[in-house]
Protein chains: 2
Amino acid sequence: MTEFNIKDTEYLNKLQDYYADWKNIPSYARLCEVFGIASKSWVKAVLVRLSEADFIERTPDGAWIPTRQFFARPHAESTVQAGMPVAISATQGDFFIIDEMLIETPSKTTLITVKGDSMIDAGIHEGDVAVVEKRMTANIGDIVIAIVDDEFTLKTLDRENGAFILRPANPAYPVIRPQGTLEIFGVLTGLVRKYRK
Amino acid sequence: MTEFNIKDTEYLNKLQDYYADWKNIPSYARLCEVFGIASKSWVKAVLVRLSEADFIERTPDGAWIPTRQFFARPHAESTVQAGMPVAISATQGDFFIIDEMLIETPSKTTLITVKGDSMIDAGIHEGDVAVVEKRMTANIGDIVIAIVDDEFTLKTLDRENGAFILRPANPAYPVIRPQGTLEIFGVLTGLVRKYRK
DNA sequence: AACTATAAAGAACGTTCGTTCTGCTGTCAA
DNA sequence: TTGACAGCAGAACGAACGTTCTTTATAGTT
């Protein structure tokens, strides 16, 4: 039996890219095209090695399916110095699945696109997607989606003279001191930004 | 032709549950068991209706695959005003998959945790996870992971007197004018931040 | 130059798959 | 009470699929 090698890594990358497009692992015949291999038997040998490396597995029906590791992205930690440049370790650290990191309770999580710039000093820009966990309680200092006078707003929760206030992270905007009830819609648990390609 | 009905919703739920477990859509024969239907032809009729409702579709090979709607995470767009509060619409907008939004080419994508605060004015904080697409070319204005004198750094790519320079987004840090070669490791295509729970 | 292991191709074959067509059963309106 | 149709079952069939076995090409070693 042969081992998982560099070429198999290329095959894995091609399979991951195909899967990103089509969300399934196709027949051996189609994988011949995807991998650039002419024989089905060799495609199977590749898949067996990928499964031994725990990137794919089989259903009871014999269909190939991806494992968790298949979706994980390499994550280089403690590597990029945004202050002063620092050497990167070529070794790939642990793996990382974005959805899993950001969303712990899918049924309570909503994504909301941010409008305006009142939280810009907190690094939250217009167009960013806020990951919000719906719940009615929050702690002082949390960034919350609050319902003030039947309207929603994204602000930092704070307290002043025993009353809750909503503090923007932009000096151009005023602190909100709710007159009526202050209801919490949810708490900001994550943020996602996409840069133009 | 018949329409999508309540029973089809049950079939859809069963299919979603199966897919969550096995990450593929199996053969008609297996779907007979999953749906509790005895005939393959009727299973096919169900799938055709699910595809007409845009929950699944077919690859050029004829394989059934899920659509974006199949995974359905609600995404409320244009709703939260970070400037002045604005009414939220209870309607759920389009659907949204974080991984898919941020990662177009899995094999070329790496995640890197940001250190330091030299890009803080661009809303990139220490501890944020940068989504980096590995490639050697970039455009002026892109935020890049550059290799300067064998070291990595995250900066905005700019040009000055015909030479490339790396501009931090923090006045406390100097502009980097590479003496040796300027090599691009990759381009910042996304950013992910997780707030403490 | 011969040997060996590995990488890949190719052929053969039984099974399974998707498709299509026909048949059955219950329901509802005329 | 008959017709019509929707919901579903079952059979038939050719094409595609996965598996296994055999063969060829390439590279490295002795």
Side-chain angles (χ1 to χ4, degrees), chain A residues 1-67 69-70, chain B residues 1-70 107:
Chain A
M1 183 186 301
T2 53
E3 287 165 25
F4 190 80
N5 55 35
I6 294 174
K7 248 192 168 169
D8 289 335
T9 303
E10 291 173 21
Y11 293 143
L12 174 61
N13 288 339
K14 287 177 178 173
L15 184 59
Q16 285 169 329
D17 291 346
Y18 181 94
Y19 193 95
D21 285 342
W22 297 110
K23 296 203 170 6
N24 81 339
I25 295 176
S27 69
Y28 291 159
R30 170 52 60 107
L31 284 176
C32 286
E33 298 175 25
V34 175
F35 289 162
I37 289 175
S39 77
K40 289 193 291 179
S41 55
W42 191 243
V43 166
K44 186 192 179 183
V46 170
L47 291 194
V48 168
R49 266 174 281 142
L50 289 181
S51 71
E52 280 163 358
D54 201 29
F55 288 107
I56 56 175
E57 59 184 343
R58 305 184 85 146
T59 67
D61 297 336
W64 292 105
I65 55 171
T67 61
Q69 201 186 156
F70 185 89
Chain B
M1 184 189 303
T2 55
E3 286 165 24
F4 190 80
N5 56 34
I6 294 174
K7 250 193 166 169
D8 290 335
T9 304
E10 292 173 21
Y11 292 143
L12 174 62
N13 288 338
K14 287 177 178 175
L15 184 59
Q16 285 168 328
D17 290 345
Y18 182 94
Y19 193 94
D21 285 342
W22 297 111
K23 288 186 173 28
N24 82 339
I25 295 176
S27 68
Y28 291 160
R30 168 53 59 108
L31 283 176
C32 286
E33 297 175 25
V34 175
F35 288 163
I37 289 175
S39 77
K40 289 194 291 181
S41 56
W42 191 243
V43 165
K44 185 191 179 182
V46 170
L47 291 194
V48 167
R49 266 174 282 142
L50 289 181
S51 70
E52 281 163 357
D54 200 30
F55 288 105
I56 56 176
E57 59 184 344
R58 305 185 85 147
T59 67
D61 297 336
W64 292 105
I65 55 171
T67 61
R68 232 160 257 92
Q69 200 185 162
F70 187 88
S107 64

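Nothing here was measured: the structure is a model prediction, and the numbers come from that model.
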| request: Determine whether any donor atom in the side chain of B/Lys40 lies under 3.5 Å from an acceptor atom in the base of C/dG18, or the reverse, and answer yes or no. | output: yes
| request: Report the distance from atom CD1 of B/Ile37 to atom P of D/dA9, rounded to the nearest whole Å. | output: 7 Å
| message | Whole angstroms only, please: what is the CH2-P distance between B/Trp42 and D/dA9? | response | 9 Å
| task | Let me know the distance between CH2 of B/Trp64 and P of C/dT19, rounded to the nearest Å. | result | 7 Å
| query | What closest approach, in Å, do A/Val43 and A/Tyr28 show between heavy atoms, and which atom pair accounts for it? | reply | CG1-CD2, 3.9 Å
| Rounded to the Å, how far apart are A/Tyr28 OH and C/dT15 C1'? | 14 Å
| What's the CG-C1' distance between A/Asp8 and C/dA8, to the nearest Å? | 13 Å
| task | Could you tell me whether the phosphate oxygens of C/dG10, OP1 or OP2, come under 4.0 Å of any side-chain nitrogen or oxygen in A/Ser39? | result | no
| said: For the backbone of A/Ile25 and the side chain of B/Asn24, can you confirm whether one donor and one acceptor N or O come within less than 3.5 Å of each other? | reply: no
| task | Using only heavy-atom distances, decide whether a donor-acceptor pair under 3.5 angstrom links the side-chain of B/Ser41 to the base of C/dG18. | result | no
| field | Closest non-hydrogen atom pair, B/Lys14 against B/Val34 | value | CD-O, 3.5 Å
| query | Nearest-Å distance, CZ (B/Arg30) to C1' (C/dC17)? | reply | 14 Å
| Sugar-phosphate, base or nothing in reach of A/Lys7, heavy atoms under 4.0 Å | sugar-phosphate
| Below 4.0 Å: OP1/OP2 of C/dA7 and any side-chain N or O of A/Arg49 | no
| query | What is the distance, rounded to the nearest whole Å, between atom NZ of B/Lys44 and atom P of D/dA12? | reply | 19 Å
| task | Measure the acute angle between the ring planes of B/Phe35 and B/Tyr11, then classify it against the limits of 30° and 60° as parallel, tilted or perpendicular. | result | tilted
| task | Measure the distance from CG on B/Leu47 to C1' on C/dC17 and round it to the nearest whole Å. | result | 13 Å
